[in-house]
Amino acid sequence: MTEVKQKMSLTKRVLLGMFIGIATGFLIRTFFSDISFVNDYIVHGVFDVGGAIFVASLKMLVVPLIFVSLVCGTSSLKDITTLGRLGGKTISFYLATTAIAITLAILMANIFQPGVGADLSAASSFKSSDAPSLGSVIINMFPTNPINSMAQGNTLQIIVFAILFGIAVSSAGKAGERVALVFADLNEVIMKLVVMLMNIAPYGVFFLMAKLFTEIGLEAIGNLLGYFLVLSGTLLLHGFVTYGLFFKVFTGLNPLTFIKKMETAITFAFSTASSSATIPVTLETATKHLGVKNKIASFTVPLGATVNMDGTAIMQGVATVFIAQAFNIDLSLADYGAVILTATLASVGTAGVPGVGLIMLAMVLNQVGLPVEGIAMIMGVDRLLDMIRTAVNITGDSVVTCIVAKSEDEMDVDVFNDPKAGDKEEELHLHTLRGADAQPAKADTSV
């Protein structure tokens with residue numbers, strides 16, 4: 001049994017856990033939903049606790065990983081002006097893909113018209129928090145108390161402080177060199193911790209999926225089937241075609257190889273529905289499997305998890321057209337232009353705000369004069385679609401990471417083309433955790 005488990009890759013084990021969890025959830029919902037013991041002790045007990053612990057474990061790593069990794073990357077830059085160039089490229093690509101995403105969403109929604117014939121008369125009142133202005137977001141990027149920012153998990157403030165700290169380390173001479181060595185060791189330790197958590201992922205994913213699918217029935221999708229199919233189809237189209245073209249054009253590398261190496265990170269994102277919780281896995285994938293140097297990935301991945309919201313932008317585009325069609329309201333070309341511009345800028349302006357997807361959608365609806373109450377109708381299937389959106393978002397983060405790294409000559413193409421890159425290290429760590437002898441280590445050092 002142990003040999004079979006060792007031969008099965010992490011991605012296959014995570015996918016197996018996900019599918020078994022989905023099947024278990026459906027079975028419980030169909031046959032055991034009225035049994036109080038199952039609901040109280042299995043669904044809201046074992047599944048709920050197990051899934052919550054798994055997600056909490058991933059989130060536990062986010063702050064130390066972002067800070068330590070970004071300090072390492074920034075302090076290793078010999079020319080600080082490189083940082084400005086990296087930032088300009090990264091933000092430009094993120095905004096460009098977001099604009100393309102929402103344009104594609106509007107086009108697909110107008111072609112398939114999912115809102116025609118929909119009944120939104122029963123839509124209840126929906127109130128969204130006001131989004132902060134872009135100016136206030138820029139001001140709030142700079143922390144007054146970095147420790148408090150880390151305690152609250154404010155990603156943008158952590159990024160800014162880590163960059164400034166890394167610049168100071170690189171400029172501090174011998175003292176900075178000693179500090180840089182400490183952070184390099186810390187980074188290695190944290191990445192080992194990431195590998196440890198990745199290897200318990202199949203169980204965590206099982207708990208999450210089993211809990212979710214005891215609560216979600218097919219009737220929720222059936223009531224909004226057109227909206228669900230158009231939105232999920234557009235997300236997949238953007239994830240594979242748009243990103244594939246971007247990747248091929250700007251890196252010259254094989255997009256199929258990229259998708260293959262992203263399987264684990266995509267599965268994590270799908271099961272957790274959180275870009276932030278997936279940061280440790282995305283960073284691990286970018287550096288160990290895609291060949292991106294840490295100095296690039298440590299900057300682009302956390303930033304992308306905060307400001308790159310292509311999946312959310314697609315939801316806004318499809319939802320806006322869906323609600324307009326359902327309420328029989330015609331939108332002009334100027335309205336569509338306003339939707340594209342508002343959603344693209346809002347992806348940065350609402351960065352780090354809780355419930356960001358619904359806040360952005362409310363902003364877009366208000367911009368073109370559509371009733372915000374329409375949001376209440378689509379919320380029934382939003383949890384499932386959020387899982388796909390998150391997978392698309394982290395795929396976009398990794399595409400831009402590879403593009404920026406390739407343009408800066410900070411990507412190891414040999415690692416990218418090696419189908420086993422990163423796997424040997426995970427296997428060695430698994431053997432170590434199980435108390436295996438030193439034989440795997442010899443195989444690893446011969447590579």
Side-chain angles (χ1 to χ4, degrees), residues 95-120 123 126 128 216 220-243 269-270 273 275 308-347 350 355-393 395-396:
L95 290 179
T97 58
T98 301
I100 292 172
I102 194 166
T103 303
L104 179 65
I106 290 174
L107 181 63
M108 295 292 286
N110 275 288
I111 291 174
F112 292 101
Q113 299 184 339
V116 174
D119 180 17
L120 292 191
F126 175 84
S128 174
I216 295 179
I221 299 176
N223 293 336
L224 293 167
L225 184 60
Y227 171 78
F228 184 90
L229 291 177
V230 171
L231 181 47
S232 57
T234 307
L235 286 166
L236 294 175
L237 181 65
H238 185 69
F240 287 103
V241 178
T242 305
Y243 287 150
F270 181 83
S275 295
N308 180 43
M309 300 181 183
D310 288 6
T312 305
I314 289 172
M315 180 270 285
Q316 292 158 14
V318 174
T320 299
V321 178
F322 173 80
I323 291 171
Q325 291 170 349
F327 282 100
N328 296 315
I329 299 174
D330 293 326
L331 297 177
S332 64
L333 286 177
D335 290 330
Y336 288 129
V339 170
I340 295 170
L341 182 61
T342 303
T344 303
L345 295 179
S347 67
T350 54
V356 62
L358 296 180
I359 291 175
M360 289 171 66
L361 180 55
M363 288 174 59
V364 171
L365 294 178
N366 284 327
Q367 183 69 30
V368 293
L370 291 176
V372 179
E373 290 79 9
I375 296 176
M377 183 64 180
I378 63 175
M379 287 177 66
V381 294
D382 193 65
R383 180 65 178 85
L384 277 177
L385 292 168
D386 192 26
M387 297 160 70
I388 307 176
R389 291 202 299 268
T390 306
V392 169
N393 285 342
T395 303

Task: Test item: Ile388 and Phe270 side chains (from C-beta on) under 4.5 Å apart, heavy atoms - done: yes

Distance col, row Met309:CE vs Thr97:OG1, nearest 0.5 angstrom, shows 12.0 Å

Correct closest heavy-atom pair for Met387 and Ala273 would be CG-CB, 4.0 Å

Between Phe228 and Ser232 the two heavy atoms that sit nearest each other are O-OG, 2.7 Å

* Asked: How about Leu333: does its CG atom have over 12 heavy atoms from other parts shown lying under 6.0 Å from it?
  -> no

Heavy-atom nearest pair, Pro114 first then Tyr227, reads CB-N, 3.6 Å

If we only count heavy atoms from C-beta on, is the Phe240 to Thr395 side-chain gap below 4.5 Å? no

Value for CG (Leu95) from CG (Asn308), rounded to nearest 0.5 Å, stands at 9.0 Å

Given side chains that start at C-beta, do those of Thr312 and Asn393 come closer than 4.5 Å, heavy atoms only?
-> yes

Closest heavy-atom pair, Thr390 versus Ser275, reported as atoms and distance to 0.1 Å, is CG2-N, 3.5 Å

TODO: Could you check Thr103 against Leu107 for side-chain contact (heavy atoms from CB on, under 4.5 Å), going step by step and ending with a plain yes or no?
DONE: CA-CA 6 Å; Thr103 303; Leu107 181 63; 5.7 Å; no

When rounded to the nearest 0.5 Å, the distance separating CD1 of Ile314 from CG of Leu235 is 4.5 Å

For Thr242, the side chain to side chain contact (heavy atoms under 4.5 Å, CB included) test, sequence neighbours excluded, returns Ile100, Leu104, His238, Phe246

Practice item. Run the numbers on Val339 and Val368 for side-chain contact (heavy atoms from CB on, under 4.5 Å), then give the verdict. Key: CA-CA 7 Å; Val339 170; Val368 293; 3.6 Å; yes

On a heavy-atom basis, the closest approach of Met315 and Leu361 is SD-CD2, 3.8 Å

In terms of heavy-atom contacts, Ala109 and Val318 come closest through CB-CA, 4.1 Å

Contacts satisfying side chain to side chain donor-acceptor pair (under 3.5 Å) that involve residues 327-337 (not counting sequence neighbours) are Asn110-Tyr336, Ser332-Asp335

Rounded to the nearest 0.5 Å, the CD1 atom of Ile106 sits from the OG1 atom of Thr234 at a distance of 11.0 Å

So CD1 of Ile102 and CD1 of Ile340: to nearest 0.5 Å the spacing works out to 6.5 Å

